[in-house]
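Labels below follow one simple rule: chain letters A, B, ... track the order of the sequence lines, proteins then strands, and each chain is numbered from 1.
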There are 2 protein chains.
Amino acid sequence: MELDAKSNHILDAALPVFVRHGFRKASMADIARAANISRASLYLSFGSKEELFRAGSTRAHARTMRQVEAALGGNGDVFSRIESAIAAFHHGLIAPFASSSDAVELFEVNMALAKDITLVARATLVDLLAQALADAEAARVVALDRVNSKPVDIANVVVAAMDGIKHAPGDEAKLQAAMQLFMRLLRAAIS
Amino acid sequence: MELDAKSNHILDAALPVFVRHGFRKASMADIARAANISRASLYLSFGSKEELFRAGSTRAHARTMRQVEAALGGNGDVFSRIESAIAAFHHGLIAPFASSSDAVELFEVNMALAKDITLVARATLVDLLAQALADAEAARVVALDRVNSKPVDIANVVVAAMDGIKHAPGDEAKLQAAMQLFMRLLRAAIS
DNA sequence: ATACAAATGGACGATTAGTGTCTAATCGTC
DNA sequence: GACGATTAGACACTAATCGTCCATTTGTAT
C-alpha cells in the first residue's frame with residue numbers, strides 16, 4: 001500500500017476539507033479544488049470518495065504507528081516513553097479532528113470505512129506498550145506483581161484511559177494534564 | 001422590521017452556521033439543529049433560506065449602524081471618533097465573516113439578497129462621517145480647505161480606504177495597523 | 001378535564017447538488 | 001509532431017435539500 005507523490009498531495013489537501021466540512025458535506029469537487037486539480041484527475045488517483053477517505057485513514061495510521069514506535073524506542077524511562085507514545089498516537093489520529101465540528105461523523109465514517117486499520121492500529125499500540133512494559137519488568141525497572149497484573153493488562157488500561165480522557169469535556173490543555181496525571185499514578189503504582 | 005425573541009434566537013444560531021459552511025452548504029436543517037428547533041418551526045419564523053439570510057443581514061446592519069452612531073457621538077476628537085466608527089462598522093459587518101473560508105460567497109450572497117440594505121448602510125456611514133467632519137470644520141477643529149475638499153469627499157475616501165485595506169492580504173492586526181496609519185495621515189493632513 | 005396555540009416529526013413533490021463515468025480537447029515534454 | 005498526463009464538460013443516476021403540508025404531541029391557560 002504505497003502512495004505516489006500525487007496521491008499524497010491529494011490526501012494532504014483533503015484532510016482540512018474533511019476537518020472543515022465533515023465527510024458528507026465535503027464534496028469531491030471541494031477536495032479537487034483544494035488540491036488544485038480537476039475532479040476528473042482526482043478520480044484517476046482514487047476511485048471513489050470512500051476509497052480516498054480510507055487511503056487517508058490508512059496513511060495517517062501508518063505514519064502515526066511509526067511515530068509511536070519511535071517514541072517507545074527513544075530515550076527516557078518506560079513511563080516517559082509510554083507517555084510520548086500516547087502523545088504521538090493522540091497527535092496523529094485524534095487531535096487533527098478534535099477541532100472539527102463534525103468530529104463525531106468523521107470518527108463514525110472512519111469506523112465504517114477503515115475499521116480494520118483502526119482496530120489493528122489500536123491492537124498494535126497495546127502490543128507495543130505491553131512489550132515495553134515487559135522489557136522494563138525483565139530489567140526490574142517496574143514491578144507489575146505489585147498490582148498483580150501482566151504487561152498486556154497494564155497496556156490495555158493505559159489505552160483505555162487515553163480513550164476515556166479524550167472523550168471527557170475540556171480543552172487540549174486539560175486533556176494533556178489529565179493524561180500526565182494518569183501517568184504519574186501509573187509510575188507511582190508500579191515503579 | 002422588528003424581530004421577536006424567537007427570530008432573534010434563530011438568527012443568533014444561524015450566523016455561525018453560515019460562517020462555517022457558507023450560504024449554499026448551510027442547510028435549513030443545520031440551522032434548525034443549531035437553534036434547537038424543528039425544521040418545520042424554522043419555517044414558521046422565516047419563509048425561506050433567503051428570507052432568513054436577509055433578516056440576518058438586516059439585523060446586523062441595523063445593530064452596527066447604531067454602534068457607528070454611538071461611536072461618532074462619543075468622546076474624543078473627530079479623528080478618534082471616526083476611527084471608532086470605522087472599527088465598529090468593521091467589527092459588526094466584516095470581521096464576523098473574515099474568518100470564514102466561504103467569506104467571498106457570503107459577501108456575494110449578501111449583495112444578491114440584501115444589496116439595498118448594504119448600500120444604504122454604506123451611504124449612511126458616509127453621511128455620518130461627513131456630518132462629523134462638517135461639525136468639526138464649523139468648530140475650526142479641522143481645515144478641509146487645506147486639501148481643497150468638502151466633508152463628504154473626505155468621508156468617501158475614508159470609507160473607500162477601509163474597504164481597500166480590508167481586502168488587502170494580512171491578518172486582523174495588520175489590518176488594524178493599516179487603518180490606524182491611514183487615520184494618522186488624515187489627522188496630519190487636515191488638523 | 002378541556003380548549004387552545006405552539007411546536008414537532010414525518011411525508012410529500014419539485015428542484016438542486018453530488019457521484020462516478022466517459023470523451024474530446026488541451027497541455028506540457030520529449 | 002507524438003506522446004502521456006490533465007482537463008473541461010456532459011452524462012445518467014443517486015442523494016440531499018427546499019418548501020409545503022398535516023396529523024400528532026406538548027405546553028399553557030382556563
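- The line from CD1 of B:Ile165 to CE of B:Met179 is 5.0 Å long, rounded to the nearest 0.5 Å.
- Checked by distance alone, A:Arg39 brings no side-chain donor or acceptor within 3.5 Å of a matching partner on the base of C:dG18.
- Judged by distance alone, the side chains of A:Arg59 and A:Asn8 do bring a donor and an acceptor atom under 3.5 Å apart.
- We find that CD1 of B:Ile31 is positioned 15 Å from C1' of D:dA16, with the value rounded to whole Å.
- In this structure, B:Asn36 atom CG and C:dG9 atom C1' are separated by 16 Å, rounded to whole Å.
- C:dG18 atom P lies 7 Å from atom CG of A:Asp30, rounded to whole Å.
- With C:dC22, D:dG19, C:dG20 as the candidates, the nucleotide lying closest to the side chain of B:Lys49 is D:dG19.
- Between A:Phe46 atom CZ and C:dG18 atom P the separation is 21 Å, expressed in whole Å.
- The shortest distance between the side-chain N/O atoms of A:Lys6 and the OP1/OP2 oxygens of D:dT6 is below 4.0 Å.
- Comparing A:Ser38 and B:Ala26 by the nucleotide of DNA chain D whose heavy atom lies nearest to each, the residue mapping closer to the 5' end is A:Ser38.
- Picking from C:dT19, D:dT6, C:dG9 the nucleotide with the shortest atom distance to the side chain of A:Tyr43 gives C:dT19.
- Here the nucleotide nearest the side chain of A:Ser27, chosen from D:dG9, D:dT17, C:dT19, is C:dT19.
- If you take CG of A:Leu52 and P of C:dG18, they are 16 Å apart, rounded to a whole angstrom.
- Of all non-hydrogen atoms in B:Leu52 and B:Ala14, the two that sit nearest each other are CD2-CB, 3.9 Å.
- One can place CE of A:Met28 at 15 Å from C1' of D:dT14, the figure rounded to the nearest angstrom.
- The separation between B:Lys25 atom NZ and D:dC18 atom C1' is 17 Å, rounded to whole Å.
- The nucleotide whose nearest atom lies closest to any side-chain atom of B:Ser41 is, among C:dT8, D:dT7, D:dG19, C:dT8.
- Base pairing of C:dT29 is made with D:dA2, judged by Watson-Crick or G-U wobble geometry with both donor-acceptor distances under 3.5 Å.
- Taking atom CD1 of B:Ile37 as the reference point, atom P of C:dG10 lies 17 Å away to the nearest angstrom.
- Counting only heavy atoms from C-beta outward, the side chains of A:Leu113 and A:Glu51 never approach each other to under 4.5 Å.
- Where A:Ala40 and A:Ala29 meet DNA chain C, the nucleotide closest to each residue was compared, and A:Ala29 sits on the side nearer the 5' end.
- Here the closest heavy-atom approach between residue A:Lys25 and residue A:Asp30 is recorded as O-OD2, 3.6 Å.
- Of the candidate nucleotides D:dA16, D:dC18, C:dT8, D:dA16 has the atom lying nearest to any side-chain atom of A:Arg24.
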